[in-house]
Every structure is written in structure tokens, then in C-alpha cells.
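A short write-up of the structure that comes next.
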Amino acid sequence: MFYLTDIRVRFAPSPTGTLHIGGARTALFNWLFAKSIGGVFVLRLEDTDLLRSTEDSAQGILEGLKWLGLEWDEGPGKGGNYGPYQQSKRLHIYNEYLEKLLAENKAYYCFCSPDELKIERDNAMQAKRDYKYSGKCKCLSDSKKAELLSAGKPAVIRIKAPDEGKLIVQDLIRGNVEFSNSLLDDFIIAKSDGWPTYNFAVAVDDYCMKISHVIRAEEHLSNTPKQMIVYNALGFPLPLFAHVSMILAPDRSKLSKRHGATSVQEFRDLGYLPEALLNYLALLGWSSGEDIDFWAIDDMIKQFKLAGVSRSPAIYDIGKLTWMNGHYLAEENTEKVMVLLENEAKIRGWLNDNNREYFVKVIRLVQNRCKTLLEFFNMADYFFEEVSSYDEKGAKKYFNHENSLKILNDLNEIIKDTGEFKADSIENDFRHRAETLNMKAGDLIHPTRLSLSGRTSTPGLFELMEVMGKEMCIKRINNAIDYVHKLNLSN
RNA sequence: GGCCCCUUGGUCAAGCGGUCAAGACACCGCCCUUUCACGGCGGUAACGGGGGUUCGAGUCCCCCAGGGGUCACCA
């Protein structure tokens, strides 16, 4: 009997694209599982598809994982005792096991060309039969085989698959899932270019890397019996499996580029915080049973159980992610937010060495109203740039009646007269003046807001004024007065 | 099409034989308020269908339907 002494899990993406949120969630579940029981989280790059794998993609995936804080214990850049952690560097290992299977007559060379096989497959399809490889190369004589091999005829290696009985996948999320052996054929384990196929490489690597729990996306469930055949042929003990359901787009289809942002980096660039994305992803398919929306990562680790992972596919909802991000952003340390905004702010000329303090004050005012970092740049422009136009409806309402000029002039006076330019005292002055003028405070507040920001909605006006400073306020009120003058002339 | 997985409001999701079927997002009201957010209160909205088992079924079993996955010298 084989006992697992060490808990080891892995995330094994193929570097043929970006790290999308489905992959990120799979990585997260692996990571949480490992952390929750003191296991090891391994990262392995499955890059045996030489044509589609790219270094850029690999770097992007690594970067995405790091950004999320899902650091791996072993893997690229980290090392470990079971490397290399890139399949493209493990050819000698696969060859060793390939030769073992060949020597034990558990696998055989197949010389059928892709074209031949395609024809057989098409025929089977047309006849509405299930296609299974005929197995004709299995019966090749040794001499014939040697002849073809030495003639350099391209060959793949197939594994001899049992055709009776059944395989039971022990899945920690789904329970036992049975597959009948009769459905499987002698599938290819090594391509004619000498590289192993996925199902072979995965099984060999998971064994060699002493993986105890294979936690991966549901799309791999149907592949699992094939991998089990490899395990069995090689005499490897089986790991435990856990197949996590997929994340679907709002139209219930598989996530793809046409669904907008799907990759971790896109979300980063859109101004989402890693904590928020992680929290959202965790709740999309996992529940502790408690009624908690916001999870500190440490609590997640404490509470995480594979049994709490959902079996049904989940449709992701960017609205909820955004809502959640808004909460994280509102509570984030202002200095940290500043760091996150810094680059873009400098590019826009909003931030330089002399106005850091001002910039921080603006963030403090705006950050709890933004749902994403990107929104900050849409919401705070008037703090850094001249007001170039006024909200149309606002102008109609506050700049376009007989009292408008008088009110604006009054405002200028109030502002000039305000001794200490602090939110409290400004507010006091405003309310006083409104009273003496027999107006509502709003009658003064709204035109001021529009004058200072060009908008009808902003953070609290008096806080805003304090941050802007007296000088800027007066200047903008004067600009508004000019604007109203012109408006009157043209009427 | 074969095989496999899945099915509670629009979305996420609690529930594990007895509940008026939680909660969150979204949506709609109201309150707070200088606007916008936030917050508070309230509301609309669900067990895919059909058979069983049981005193009793969202919960167990079977069938159907729908959705998803997979059937490559891709991973």
C-alpha cells in the first residue's frame, strides 16, 4: 500500500497564451490547498508544444501569478529537488520511461501517417461509428519494425491500453467517476518528433515531482483515465484528483478574447487590485459555508477545503468584481494607492516632484468613490487640468438664469473673505451667506461645484475647495463669470 | 454523435429529509445628504421537467431536457 506522506500540488499551465481568470482560480485553489495543510505548491510549465509555446507567454503567466501573490515553492526561478520545471527540459526523463514501456512491451511504434489516420477517423465519423485506432502496428513483426525504423520512417509511440474493465477516478470534488476501458484506444504517448504527448508527460511529471493531489480544471477530467493508464503501465501509484469546474463567460460559453477582459494582466491594467481579484475568484466556486463576502487571505487559507469547491460551472460577473474592487480600493492605504497611480499620473503631467502632497490629498478625496484605479483618472482630472467645459445640464441649470452672475460674484466674495481656507470654515461662510441672502445653501453650492470642476458631481465641495486652495478657486469662479458673460451676450 | 460532469432568483451562492428556501452583486423604492459615491431600511426575483422512495424531498433514486467538457502526433 502506498501512503502519501507529503502533500504536494502543482499548477501546470502551458505557455501558449495569457493567464486567464480560470487558470488563476485553479492556481489559487492549489495554492490555498497547499497553504491550508502545509503542503508544497509547485509550478510547472507545460511547453511540449514547441510551435505554440512562447517565452513571452511564460513570463506573462509568471508575472500574473506573482502579481496575485500566488508564489510557488518550487518551479521556474525558484528551483527545487524535482526539476527541471519546464517540460521542454525533461526530454531525457520522458525517454527513459518511454524506453521502459517499449522494453516491457507495454508500448509500441506506430508508423501510420497522420493522413492515414485522418481518413480512418473520417470514415468512422461518416459511418457514425466511434473511432478507435485499429491497432494494426501493434502486430508488426520485429524485423519489419526494425526495417521501417532504420529506413527513417516517421513513427509515434502508442501505449497498449486495456480494452476491458473500467477505471475509477477518485475525485475529491466529484466523488468517484467511472470510465469504461472499452472506450479508449492505444493512444499516442510520443509524437514522431520525439516529444511526449500531454497525457504521457503529465503522468510522468506528476509522479516524478511526487504530486499527491492533482487539482485542475474540469476540462481535464476526461483525460484522466488516459493518464491513469500511463500510471498503471509504469507501476506508479495514483495521486488523488480534484477537478474544478470551469469559469464561463456571461453567455455561458467558454471564456475567450471576445468576452472582454479575461486575463489577469488585463484586469491589472484596468485598475483592479490583486486582493480584490483574488477574493472574487475565490468566491466564484468556493464557499466556506459562512456568510462572508470579504476574505483576508489568511482566513481563506484557514477555511479552505476542497469539499467546499463547487461542482457546477460558474459564470463570472464583472459587475460584482468591480463592486468588490471598489471596497478594496476605498480601504487601501492612500500612500499605496499613490504608488499604483504614479506612473500614469506622471505621464499625464498630473504628478511631479513638487506636488506630491497635493496629489495625495486628491487621492484621499477621490479614492473611496472609484471602483477601479483607472476611474481615478476620469474622476480627478479637474484637480490637475483647467476646466475646459461645463456639464451641459449643469450649465443650463446653474449658469443660465438671471441670478447666475450675481451668485458667482457673491461666491467670489465669500471665498476671498474666508480667513482660514479650511473645509469647516468655508462651509460656515457659505451657509451664513445663504441665510443672509435668503437662499438655500444648495443655491450657492451647486454653481460653485460646477465652476470649480465643470461637473455636477464631485467629492464633498468644501473638502474639495480646501484641497484646491483659495487661489485656484477664485480663478475658476472668475472663469465661470467670463463664461456666463459670454453666454448672456449670445442670448 | 459516444463518453463524462453539472442544474436553487439575471449572476455568485447557503442548504446536506421537516426552514415563511439565507446572504451578496445587479435592479427598483425610501432614508441620509451640497452633488456623486458610501451607508441604512425595504422590495421584485429561484429549487429545469416528469416519475418514484418517504408521514414528509431543493435535499435520496430513476428517466428526460438543457448547459458545459472531452473525444488531435494541442495542452
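U59(B) and U7(B): their C1' atoms are spaced 14 Å apart (whole Å). With both ends at atom C1', the span from C32(B) to G42(B) equals 15 Å, rounded to whole Å. A distance of about 26 Å separates the C1' atoms of A26(B) and U19(B), rounded to the whole Å. G23(B) and U8(B): their C1' atoms are spaced 13 Å apart (whole Å). Rounded to whole Å, the C1' atom of C36(B) lies 26 Å from the corresponding atom of U44(B). The gap from the P atom of G69(B) to that of C41(B) amounts to 41 Å, rounded to the nearest Å. Separation of the C1' atoms belonging to G67(B) and G15(B) is 23 Å when rounded to the nearest angstrom. One C1' atom belongs to C63(B), the other to G29(B), and the distance between them is 45 Å to the nearest Å.
In the region residues 245-252 of chain A, proximity to RNA chain B at under 4.0 angstrom, judged on heavy atoms, holds for Met246(A), Arg252(A).
With sequence neighbours left out, Arg455(A) forms a salt bridge (Lys or Arg N to Asp or Glu O under 4.0 Å) with Asp381(A). For Tyr272(A), the ring-ring contact (aromatic ring centres under 6.0 Å, His included) partners are Phe267(A), not counting sequence neighbours. By the side-chain contact (heavy atoms from CB on, under 4.5 Å) test, Ala190(A) pairs with Leu98(A), Ile157(A), sequence neighbours left out. Residues forming a salt bridge (Lys or Arg N to Asp or Glu O under 4.0 Å) with Glu275(A) (at least two apart in sequence, or on another chain): none.
If you check the side chains of Asp205(A) and Tyr85(A), you find no donor sitting under 3.5 Å from an acceptor. Using modelled atom types, one finds a donor on one side chain and an acceptor on the other under 3.5 Å when comparing Thr224(A) with Arg216(A). Side-chain contact of His259(A) with Ser253(A): a donor-acceptor pair under 3.5 Å is present, judged by distance alone. Between the side chains of Gln367(A) and Thr334(A), at least one donor N or O lies within less than 3.5 Å of an accepting N or O. Between the side chains of Thr197(A) and Asn199(A), no donor-acceptor pair is found at a separation under 3.5 Å.
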Canonical and wobble pairing (Watson-Crick, G-U, under 3.5 Å) of RNA chain B, dot-bracket with |: ((((((((.[[[..)..(....]]].(((((.......)))))....[[[[[..)....]]]]])))))))....
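Separation of the Phe462(A) and Phe430(A) ring centroids falls under the 6.0 Å cut-off.
Among residues at least two apart or in separate chains, side chain to side chain donor-acceptor pair (under 3.5 Å) pairs with a member in residues 306-319 of chain A are Ser310(A)-Ser312(A).
For Arg158(A) and Tyr133(A), the positive end sits near the middle of the six-membered ring, less than 6.0 Å away and at most 45° from its axis.
The residues Arg433(A) and Asp429(A) are annotated as not salt-bridged, no charged nitrogen and carboxylate oxygen being separated by less than 4.0 angstrom.
No more than 12 heavy atoms of other residues, nucleotides or ligands shown are found within 6.0 angstrom of NE2 on His432(A). Environment of CD in Glu392(A): sparse, with no more than 12 heavy atoms of neighbouring residues, nucleotides or ligands closer than 6.0 Å. Summarising the local packing, NZ of Lys440(A) is surrounded by 12 or fewer heavy atoms from other residues, nucleotides or ligands at distances under 6.0 Å. At most 12 non-hydrogen atoms from other residues, nucleotides or ligands lie less than 6.0 angstrom from CE of Met125(A). Residue Gln170(A) qualifies as open at atom CD: its count of foreign heavy atoms under 6.0 Å is 12 or below.
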Polar atoms only, N or O, under 3.5 Å: list the protein pairs with nucleotides 59-61 of chain B and their distances.
none

Could you pull out the protein-nucleic contacts involving nucleotides 71-75 of chain B (nitrogen or oxygen on both sides, under 3.5 Å)?
unit_1, atom_1, unit_2, atom_2, d
C73(B), O2, Ser192(A), N, 2.7
C73(B), O2, Ser192(A), OG, 2.7
C73(B), N3, Ser192(A), OG, 3.1
C73(B), N4, Cys112(A), O, 3.3
C74(B), OP2, Lys191(A), NZ, 3.1
C74(B), O2', Asp49(A), OD2, 2.7
C74(B), O2', Arg52(A), NH2, 3.2
C74(B), O2, Arg52(A), NH2, 3.1
A75(B), OP1, Thr48(A), OG1, 2.9
A75(B), OP1, Lys191(A), NZ, 2.7
A75(B), OP2, Tyr198(A), N, 3.1
A75(B), O3', Glu46(A), O, 3.3
A75(B), O3', Glu46(A), OE1, 3.3
A75(B), O2', Ser14(A), OG, 3.0
A75(B), N6, Asn223(A), OD1, 3.3
A75(B), N6, Asn223(A), ND2, 3.1
A75(B), N1, Asn223(A), ND2, 3.2

Detail all sub-3.5 Å separations between protein N/O atoms and N/O atoms belonging to nucleotides 2-5 of chain B.
unit_1, atom_1, unit_2, atom_2, d
G2(B), O2', Asp130(A), OD2, 3.3
C5(B), O2', Arg174(A), NH1, 2.2
C5(B), O2', Glu218(A), OE2, 3.4

Could you list all N or O pairs between the protein and nucleotides 13-16 of chain B that sit under 3.5 Å apart?
unit_1, atom_1, unit_2, atom_2, d
A13(B), OP1, Gly285(A), N, 3.2

Output one letter per nucleotide in nucleotides 33-47 of chain B: B when a protein non-hydrogen atom lies under 4.0 Å from the base, S when only the sugar-phosphate is that close, - when neither is. -BBBSSS--------
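In this structure, Asp317(A) places its CG atom 15 Å from P of G9(B), rounding to the nearest Å. Distance CZ (Phe294(A)) to P (G23(B)): 17 Å, rounded to an integer number of Å. If you measure from atom CG of Asp185(A) to atom P of U70(B), you get 18 Å, rounded to the nearest angstrom.
At the heavy-atom level, Lys118(A) lies nowhere under 4.0 Å from the strands shown.
Using cut-offs of 30° and 60° for the angle between ring planes, the Phe236(A) and Tyr207(A) rings count as parallel.
When all heavy atoms of Ile215(A) and Asn30(A) are compared, the pair lying nearest together is O-ND2, 2.9 Å.
Put simply, the side chain of Asn279(A) gets close to the backbone of Asp293(A): a donor and an acceptor are under 3.5 Å apart.
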